[in-house]
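Just the heavy atoms: all of them, side chains too, but no hydrogens, waters or symmetry mates, feed the values below.
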Amino acid sequence: MSYRSTVSRQPEALADSLAAAQAELAGLDLAPLGTGLVAVTGVGASSAAAVVVAAELQRRGRRAFAVRSGEMMAGHDLADIVLALSHRGRSVETVEALRKLPRAKSLAITNDSESPLAEAASFHVRLANGGDATPSSTGYTATLLVAGLAVDGIQGASGADWAGLPAQAAALLAGAAEKMPRLAQLFADRRAIDCVGAGASIGTADGASLLIREAARIPASGYETRHYLHGPMESMDETTGVVLFGDTREIELAHNLEEIGVPVLLVTSRQDIGDAGKRTVIHVPEAENLILRGILDIFAAQLLAAELSDAADLTDVQFRYKQTDTKILAA
Ligand SMILES: O=P(O)(O)OC[C@H]1O[C@](O)(CO)[C@@H](O)[C@@H]1O
């Protein structure tokens, strides 16, 4: 399946994931995950998702942090509970991280109930998102959705309108698509693109930078907003671009970047700012639940990555550098 068609199929994929995960979670007693320090882990796009999920757990008053599976592989006794995210359930780092912490109670979220990660975990919930492409779109948003449902199962309902998400996804994708011709022009021939956000949006910024790297092979990086002000922004100028996610300091940062001639895409729920000069704004609804907001925010970045991929003649590109030691192969 092509990247673009997979991005477009998200309203249906999210509806499928929602129905399947709600049914599966209804049969699980997640009480053993209710106390203790939580590590949320993953690698690649699943690591970006882990940052979003940990931020929502923190918002709900839970002691939780995100840690890359590659770092967790050292096997230090970091946490009592592990939420392990992996679309295919076969990433060596995430499986190894879980196996090295046998005393921790764990929940794996993957698309394969028979995957090594599912088998290593105390609990498992399947994504049921259907196919995915490179870079990950339905896999990423389904991981966040199912993690959001699981967090509600562990911490108690958050009031997030999960049932309304498929329709919201359709509306946001349609709205963002209208901005793409403008963005394709403003973001043409960038030598680098930074993606910036705070809190949960650090994960979204990281996920967005991966999309741009993988789909368009443009150097892109994710940064935390306040950290960005302390030096990383120095390499930006009129030959680069910045994607901002947020409603607070990101607005002022958009103005700062405009002053130095950098094209900006701002994804925000703030209605008091719109397109002007080299600034393009994509509005998203407000969402208290940070995982829901993380899903709403990423659609714009998915479409921007598709535009940049087309412009670079890389439509539906596959990874060009193959690794032999990152996935556990099926027997
Ligand atoms: O979510 P998973 O299946 O653990 O994969 C993690 C990452 O590894 C890759 O499959 C590349 O090896 C990426 O596409 C993905 O983001």
Side-chain angles (χ1 to χ4, degrees), residues 1-3 5-7 9-10 12-14 16-21 24-25 28 39-53 66-73 82-101 106-150 203 206-211 213-215 291 294-295 298 302 305 316-331:
M1 198 174 294
S2 76
Y3 172 61
S5 63
T6 312
V7 170
R9 205 177 58 77
Q10 281 174 120
E12 295 77 33
L14 286 166
D16 292 348
S17 295
L18 180 67
E24 206 171 341
L25 282 162
L28 293 181
V40 191
T41 195
V43 70
S46 295
S47 159
V51 174
V52 179
V53 174
V67 55
R68 290 189 175 88
S69 301
E71 295 166 56
M72 231 180 137
M73 281 169 80
V82 181
L83 300 192
L85 312 179
S86 172
H87 181 236
R88 293 176 59 204
R90 299 192 165 275
S91 289
V92 165
E93 301 81 2
T94 315
V95 174
E96 197 59 18
L98 212 54
R99 286 183 181 157
K100 289 245 175 94
L101 246 66
S106 54
L107 168 66
I109 297 176
T110 84
N111 202 23
D112 179 359
S113 318
E114 289 170 10
S115 62
L117 192 67
E119 283 171 4
S122 326
F123 300 97
H124 176 258
V125 184
R126 205 167 81 80
L127 294 170
N129 62 304
D132 200 359
T134 308
S136 175
S137 56
T138 61
Y140 180 78
T141 50
T143 297
L144 285 178
L145 168 60
V146 175
L149 296 171
D206 191 24
S209 72
L210 272 173
L211 291 170
R213 276 184 177 263
E214 293 177 11
I291 301 178
I295 301 173
I298 202 67
Q302 291 176 344
D316 294 329
V317 70
Q318 299 293 312
F319 279 16
R320 58 181 160 169
Y321 306 129
K322 305 284 180 211
Q323 311 298 335
T324 54
D325 61 348
T326 56
K327 303 291 177 191
I328 300 173
L329 302 179

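Applying the salt bridge (Lys or Arg N to Asp or Glu O under 4.0 Å) criterion to Lys100, with sequence neighbours excluded, gives Glu96.
Contact detail for Leu145 and Ser17: the closest heavy-atom pair is CD2-CB, 4.0 Å. Ser46 and Ser86 make their closest contact through OG-CA, 3.7 Å (heavy atoms, listed as atom of the first residue, atom of the second, distance).
Rounded to the nearest 0.5 Å, atoms CZ (Arg9) and CG (Leu14) are 9.5 Å apart. Atom CG in Leu144 sits 8.5 Å away from atom CD1 in Ile298 (nearest 0.5 Å).
The backbone N or O of Gln302 sits less than 3.5 Å from a side-chain atom of Tyr3, completing a donor-acceptor pair. A distance-only check finds a donor-acceptor pair linking the side chain of Ser122 to the backbone of Ser106 [under 3.5 Å]. The backbone N or O of Val67 lies less than 3.5 Å from a partner atom in the side chain of Thr41, making a donor-acceptor pair.
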Which side-chain N or O atoms in residues 124-139 pair as donor and acceptor under 3.5 Å with protein atoms at least two apart or in another chain?
unit_1	atom_1	unit_2	atom_2	d
His124	NE2	Thr110	OG1	2.7
Arg126	NH1	Asn111	O	3.4
Arg126	NH1	Asn111	OD1	3.4
Asn129	OD1	His87	NE2	3.3
Asn129	OD1	Asn111	ND2	3.1
Asn129	ND2	His87	NE2	3.2
Asn129	ND2	Thr138	OG1	3.0
Asp132	OD1	Ser137	N	3.0
Asp132	OD1	Thr138	N	3.4
Asp132	OD1	Thr138	OG1	3.4
Asp132	OD2	Ser136	OG	2.7
Asp132	OD2	Gly139	N	3.0
Ser136	OG	Tyr140	N	3.2
Thr138	OG1	Gly131	O	3.1

Report, one line per pair, each donor and acceptor closer than 3.5 Å where one atom sits in a side chain of residues 321-331; sequence neighbours left out.
unit_1	atom_1	unit_2	atom_2	d
Lys322	NZ	Phe319	O	3.0
Lys327	NZ	Ser91	OG	2.9

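Leu85 has its side chain out of reach of Val146: every pair of non-hydrogen atoms, C-beta onward, lies at least 4.5 Å apart.
A salt bridge is defined here as a Lys NZ or Arg NE, NH1 or NH2 lying under 4.0 Å from an Asp or Glu carboxylate O, and Glu71 with Arg68 meets this definition.
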